[in-house]
Amino acid sequence: MTPSDLDALLAARHSCRAFRPDPVPRTVIEGIVSTARRAPSWCNAQPWQLTVTSGAETDRFRAALQQEANDETPDPDLDWPTRYSGIYQERRRTCGWQLYEAVGVARGDRAASARQMMENFALFGAPHCAILSSPAELGPYGAMDCGGFVTAFTIAAQAYGVASIAQAAVASYGPLLHRHFAIPEDRLILCGISFGYAQSDHKANSFRTERAAVSDIVDWRGVA
């Protein structure tokens, strides 16, 4: 693979917000995970563990998650950001408005934006969801390692022609996920990754987010 090949693969990946119901073959899922497991981690701890749903199990989880989102207050294992400010808030808002404009949600239409937000808990119609957890004792280092795994998983999925979206919203109801999947309390549930084949003609998949320029990211020191 050349640098251009890798750049093209990364550019092709996007957060999919509408999936076809067609299941991904287990051999393909295993291939994605086999590639993603090569992500680097502190001391080679490899703290990531996945619970992957398919078929009726995805539908059962989807229904439980939607019910929880309607009835309960969010209670994530990992604290949410205290705030987004400056350029980070600007990027967050831009992404949100790109989505709303794509699906026809008018500014100020809180009912429509709430309905779109609830699509998170329907897993955007995905046939599969992977729940990612890390040992609580590893704290932020384990979470950082798992962030690398999420990137590797989504890029490997793209290489297989499988669309995906990493979702903090799925992990916002930690107690449900611990109960539903019998995930031990000594593991932090970090996110879900919904995945499947993209409904490419859906309006929610019609936009792409921008990326900061290299000059916005790097503070050069001693480099000509």
Side-chain angles (χ1 to χ4, degrees), residues 1 3 6-7 9-10 13-16 29-53 61 65 68 73-92 95 120 123 126 128-160 162 164-195 209 211-212 214 216-223:
M1 175 177 282
L6 178 58
D7 188 68
L9 182 62
L10 286 161
R13 188 217 63 81
H14 70 283
S15 293
C16 182
I29 300 174
E30 289 177 344
I32 292 169
V33 176
S34 181
T35 297
R37 69 192 170 94
R38 300 189 182 280
S41 59
W42 289 100
C43 305
N44 197 35
Q46 305 174 65
W48 40 79
Q49 285 287 312
L50 291 179
T51 299
V52 179
T53 68
F61 172 54
L65 184 60
E68 195 83 354
T73 300
D75 186 13
D77 286 358
L78 189 68
D79 288 341
W80 283 334
T82 55
R83 64 173 180 164
Y84 289 85
S85 60
I87 188 61
Y88 312 111
Q89 174 72 320
E90 182 180 330
R91 290 169 182 163
R92 186 170 187 258
C95 176
N120 278 282
L123 310 176
H128 306 280
C129 188
I131 307 301
L132 177 64
S133 69
S134 173
E137 66 183 10
L138 297 187
Y141 284 88
M144 184 166 63
D145 288 341
C146 286
F149 181 86
V150 170
T151 298
F153 184 101
T154 58
I155 296 305
Q158 184 65 37
Y160 276 93
V162 174
S164 64
I165 181 169
Q167 296 181 262
V170 170
S172 61
Y173 293 94
L176 167 70
L177 272 66
H178 282 286
R179 292 195 311 269
H180 190 90
F181 295 113
I183 297 173
E185 294 295 330
D186 63 357
R187 297 194 67 83
L188 296 177
I189 297 172
L190 302 177
C191 72
I193 307 174
S194 294
F195 65 98
T209 53
R211 288 296 182 269
V214 172
D216 294 326
I217 298 169
V218 181
D219 177 13
W220 300 104
R221 302 296 179 97
V223 180

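You'll find the side chain of Phe149 reaches within 4.5 Å of the side chain of Leu50, heavy atoms only. In this structure, Ser15 and Arg13 have side chains that are in contact, with non-hydrogen atoms separated by less than 4.5 Å. The shortest side-chain heavy-atom distance between Val33 and Trp48 does not fall under the 4.5 Å cut-off. With a 4.5 Å cut-off on side-chain heavy atoms, Met144 and Trp42 count as touching. Using a 4.5 Å heavy-atom threshold, the side chains of Thr53 and Leu123 count as separate. By the 4.5 Å heavy-atom criterion applied to side chains, Ile29 and Tyr160 are not counted as neighbours.
Counted within 6.0 Å of OH on Tyr88, heavy atoms from surrounding residues, nucleotides or ligands total 12 or fewer; the atom is thus considered open. For Trp220, the CH2 atom is loosely surrounded, since the number of other residues' heavy atoms within 6.0 Å does not exceed 12.
Counting only residues at least two apart or on different chains, the side-chain hydrogen bond (donor to acceptor under 3.5 Å, both in side chains) pairs with a member in residues 131-152 are Ser133-Arg187. The salt bridge (charged side-chain N to carboxylate O under 4.0 Å, His left out) pairs that include a residue from residues 31-51 number zero, where partners must be two or more places apart or lie in different chains.
Using modelled atom types, one side-chain atom of Ser172 and one backbone atom of Ala169 make a donor-acceptor pair closer than 3.5 Å. Put simply, the side chain of Asp77 never gets that close to the backbone of Gly174: no donor and acceptor are under 3.5 Å apart.
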| said: Could you go through Glu68 and Arg179, starting from their C-alpha distance and side-chain angles, then the distance that decides it, and tell me whether this counts as side chain to side chain contact (heavy atoms under 4.5 Å, CB included)? | reply: CA-CA 12 Å; Glu68 195 83 354; Arg179 292 195 311 269; 3.8 Å; yes

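A parallel orientation is assigned to the rings of His128 and Phe195, their planes being inclined by less than 30° (bins at 30° and 60°).
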